[in-house]
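Start at 1 and go down the list; that is how both ligands and their atoms are numbered. Any value given below was found using the heavy atoms of this structure, including those in side chains, with hydrogens, waters and symmetry copies removed.
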Amino acid sequence: MSDNLNKIIIAIDGHSSCGKSTVAKEIARKLNYIFIDSGAMYRAVTLYCLRHNLINNGIVNIPELRASLGKIKVSFRFNSETNHNDIWLNGENVEQEIRLLTVSQNVSPVAAVAEVRNLLVALQQEMGKSKGIVMDGRDIGTVVFPDAELKIFMTAQPDVRAKRRFDELTAKGEKVSYEEIRDNIIERDRYDETRQESPLRKAENAIVLDNSYMTREEQLDWVLDQVAEI
Ligand code: CDP
């Protein structure tokens, strides 16, 4: 019997900056699964838009973006130094640059464009064909893998999330204020939850994980318990 028969798809959706990627990465390592950060793909397309002046004052030039989609190649490549699947945009490793606050501040309107979503969702579904995958994002349990065996909806209080993201960015040397990060998190959630295309919402059969007062170890154990039950 092939190993794949026992492998499942784990979909982790939820609010901005609540640690979805952290837990998804740890679960993937424990289970020897592939980890895919779908947000990185939307961020890479946003970086392309910023570099090519397709966004002005937060307004996306949608016709130009649609016309450019054929020129935007997004992929993951394994980085053996970090043991991580880095995101590449048109032959360039942009794993670091996509995390900048300017990208966070422009990504939601880009991610609301139907043609962008169609392109990236198709890539994501292809990556999950053989199962054994943990993917985090906003629409993984609702749109990308509606039949995922385990769906988790993660959240945490906005202040806790802002503090975590502030610590993460300042540790990397980025000069940002706590207030602008908090504003971005709240605005991004609002945008993601109210957009027409695949809005962020909890899939009916998703289990909620509020990690406001959980340590990394506690949340990892919590998810591993859910996997064990399947
Ligand atoms: O890590 P963080 O919570 O800051 O966000 P992310 O997962 O990197 O996602 C960045 C943005 O991409 C989100 O705010 C959404 O607008 C969009 N996104 C999406 O629309 N669908 C996904 N599956 C993943 C991200």
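Side-chain contact between Asp183 and Glu187: absent, with no pair of heavy atoms (C-beta onward) separated by less than 4.5 Å. Contact of the Tyr33 side chain with the Ile133 side chain is not registered, since no non-hydrogen atoms from C-beta on lie closer than 4.5 Å. The side-chain heavy atoms of Asn106 and Cys49, taken from C-beta on, include no pair separated by under 4.5 Å.
Counting protein heavy atoms only, atom 17 (C) of ligand 1 is closest to Ala111 CB, 3.6 Å. What sits closest to atom 24 (C) of ligand 1 on the protein, heavy atoms only, is Ser38 OG, 3.3 Å. If you check which protein heavy atom lies closest to atom 8 (O) of ligand 1, you get Arg43 NE, 2.6 Å. Nearest to atom 21 (N) of ligand 1 among the protein's heavy atoms is Arg117 NH2, 3.0 Å. Distance from atom 3 (O) of ligand 1 to its nearest protein heavy atom, with residue and atom name: Ser17 N, 2.7 Å. Scanning the protein heavy atoms around atom 7 (O) of ligand 1, the nearest turns out to be Arg138 NH1, 3.2 Å.
The residues Asp167 and Lys163 are annotated as salt-bridged, a charged nitrogen and a carboxylate oxygen being separated by less than 4.0 angstrom. We find that Glu26 and Arg29 are not joined by a salt bridge, their nearest charged nitrogen and carboxylate oxygen being 4.0 Å or further apart.
The ligand atoms of ligand 1 that sit less than 4.0 angstrom from a heavy atom of Gly137 are 22 (C), 23 (N), 24 (C). Near Gly39, meaning under 4.0 Å from any of its heavy atoms, are these atoms of ligand 1: 6 (P), 7 (O), 8 (O), 9 (O), 24 (C), 25 (C). Atoms of ligand 1 found under 4.0 Å from any heavy atom of Lys20, numbered from 1 in the order shown, are 3 (O).
Between Arg43 and Ser104 the shortest heavy-atom distance is NH1-OG, 3.1 Å.
Close to ligand 1: Ser108, with a non-hydrogen atom less than 4.0 angstrom away.
Note on ring orientation: taking the six-membered ring where Trp is involved, the planes of Phe153 and His15 are perpendicular (angle over 60°, cut-offs 30° and 60°).
Comparing Ile185, Asp192, Leu200 against atom 16 (O) of ligand 1, the shortest heavy-atom distance belongs to Asp192.
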Carefully, step by step, assess Glu179 and Arg182 under the rule salt bridge (charged side-chain N to carboxylate O under 4.0 Å, His left out).
CA-CA 5 Å; Glu179 285 70 27; Arg182 191 171 188 281; over 6 Å; no

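For Arg188, every heavy-atom contact with ligand 1 shorter than 4.0 Å involves the side chain, none the backbone. The part of Arg195 lying near ligand 1 is the side chain, judged by heavy-atom distances below 4.0 Å. When non-hydrogen atoms are compared, ligand 1 lies under 4.0 Å from the side chain of Arg165 (C-beta onward) but not from its backbone.
For ligand 1, none of its N or O atoms has an N or O atom of Asp136 under 3.5 Å away. On a distance-only criterion, Ser16 and ligand 1 share no N/O pair closer than 3.5 Å. Considering both main-chain and side-chain atoms, Asp139 comes within under 3.5 Å of ligand 1 through a nitrogen or oxygen pair.
Within 6.0 Å of CD1 in Ile59 there are 12 or fewer heavy atoms belonging to other residues, nucleotides or ligands. Environment of CD in Glu218: crowded, with over 12 heavy atoms of neighbouring residues, nucleotides or ligands closer than 6.0 Å.
If you check the side chains of Arg51 and Asn90, you find no donor sitting under 3.5 Å from an acceptor.
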